[in-house]
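Following: one structure in structure tokens, then a few remarks.
So you know, we letter chains A, B, ... as the sequences are listed, proteins then strands, and number each from 1. We use all heavy atoms of the structure for the numbers below, so side chains are in, but hydrogens, waters and symmetry mates are not.
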There are 2 protein chains.
Amino acid sequence: MASSMLDRLKAGGKKLTKPRKAILAVLEQSPLPITAADVHDRLKAQRKPADLVTVYRNLAMLQELGLVNTVGLHDGQMRYEVRHGREHHHHIQCRGCGKIVDLMLCPIKKLTALVEAKTKFAVDSHTLEFFGWCPQCR
Amino acid sequence: MASSMLDRLKAGGKKLTKPRKAILAVLEQSPLPITAADVHDRLKAQRKPADLVTVYRNLAMLQELGLVNTVGLHDGQMRYEVRHGREHHHHIQCRGCGKIVDLMLCPIKKLTALVEAKTKFAVDSHTLEFFGWCPQCR
DNA sequence: GTGTTACATGCAAGTCACTTGCAATTGTAA
DNA sequence: TTACAATTGCAAGTGACTTGCATGTAACAC
């Protein structure tokens, strides 16, 4: 696990419990954003089961500390991905099979100043997700 | 109500019931996307109450016919806005008070071809929402 | 090591947005 | 006016996520 993550946990007064370490490991092993239920299932598969509530609480905590990003794809559940060492990016999801692919691009940075000028808001984040049909499903 | 909406309903074999007309009117009167609960409340305020289930079913139907857009802002509920006569656009929401403002811009069209080339997906839609702090809340 | 304590966990129950089953109602077109 | 399919309202169900609370356990001091 990246030591920066351990440092951030320590700085937040968080303990390194067994379930917590297992949850972090699952997140780090996943190249794509996954749901709380996914994390729960993988913990069970690895014979390190933790309560789904514990998963939810840890994901919320990691998000507050800025260690994970959330990805909402409008299918009624949040997905989570570790932030550490990864560039800001977006995703595309297939409407057929649900497959998610990373898109290592973001055209929004240049736009933020324009949005701020138009709205007088202080913009602090944005979401951008694409939907369509993957090669297998179209 | 825009006659195109009536035409589309008719073409879809839909009846023009009283609750349905009232729901459409509420949507058309709202300049910003609103939730099913919002629609339900406004119907009650207008003395044209309809069951929340009826609201949900009509919103789903209108979305299928392409007469309304859905807007997901990651607060656990969908919002709906009529499509008729409005350009494709996005939104910004205040993290403090929840206020939503229309952003009449979209930088994504030009990007779609690039995304399709990179992923081999057939892109058919995208979501883009901004979050920040409005002038009153920051 | 032992003790202390604040943070964490697991279970049960609760919440909230949304959906489904079904009997009763109502547009619509013949 | 009749007939039938679409629609509605109510009740109950679903699924993601949250909260309350008693028990468990890192982490730090001794």
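Interface residues of residues 42-50 of chain A facing DNA chain D, ordered by number: none; criterion, heavy-atom separation under 4.0 Å. Against DNA chain D, the stretch residues 54-63 of chain A makes heavy-atom approaches under 4.0 Å through A:Y56, A:R57. A heavy atom lying under 4.0 Å from DNA chain D marks none of the residues of residues 91-102 of chain A.
Remark: side-chain polar atoms of A:D51 are paired, donor with acceptor, to backbone N or O of A:V53 under 3.5 angstrom. For the pair A:R8 (side chain) and A:L67 (backbone), a donor-acceptor distance under 3.5 Å is absent. Panel note: side chain B:E116, backbone B:A122; no donor-acceptor pair is recorded below 3.5 Å.
Residues B:A22 and B:K48 approach most closely at CB-CD, 4.1 Å, considering heavy atoms. A:C94 and A:C134 make their closest contact through SG-N, 3.3 Å (heavy atoms, listed as atom of the first residue, atom of the second, distance). Annotation for B:H126 and B:C106: closest pair NE2-SG, 3.4 Å, computed over non-hydrogen atoms. Closest approach of A:S4 and A:H84 over heavy atoms only: OG-CD2, 3.9 Å. B:R138 and A:K120 make their closest contact through NH2-O, 2.9 Å (heavy atoms, listed as atom of the first residue, atom of the second, distance). A:K15 and A:R20 get closest at one heavy-atom pair: O-NH1, 2.8 Å.
A:L6 places its CG atom 14 Å from the C1' atom of D:dA26, with the value rounded to the nearest Å. Between B:K15 atom NZ and D:dT7 atom P the separation is 6 Å, expressed in whole Å. Between the CG atom of A:L73 and the P atom of D:dA16 there is a distance of 14 Å, rounded to whole Å. In this entry the distance linking NZ of A:K14 with P of D:dC28 reads 15 Å, nearest Å.
Through direct or relayed side-chain contacts under 4.5 Å between Ile, Leu, Val, Met, Phe, Trp and Tyr, A:F131 connects to A:L32, A:V71, A:L73, A:I100. The hydrophobic cluster containing A:V115 also includes A:I92, A:V101, A:L103, A:L105, A:I108, A:L111, A:L114, A:F121, A:V123, A:L128, A:F130, B:I92, B:V101, B:L103, B:L105, B:I108, B:L111, B:L114, B:V115, B:F121, B:V123, B:L128, B:F130, under a criterion of side-chain heavy atoms closer than 4.5 Å among ILVMFWY residues, counted directly or through chains of members.
In this structure, B:P19 and B:M78 both approach DNA chain C, and ranking their closest nucleotides by distance from the 5' end singles out B:M78. If you find the closest nucleotide of DNA chain C to A:L52 and to B:Y80, the one lying nearer the 5' end belongs to A:L52.
One hydrophobic cluster holds both B:I23 and B:L65 under the rule that ILVMFWY side chains link at heavy-atom gaps under 4.5 Å. Linking ILVMFWY residues whenever their side-chain heavy atoms come closer than 4.5 Å, directly or via other members, places B:L59 and B:M61 in the same cluster.
If you walk DNA chain C from 5' to 3' and mark each nucleotide with an atom closer than 4.0 Å to a heavy atom of chain A, the marks span C:dA6 to C:dA12.
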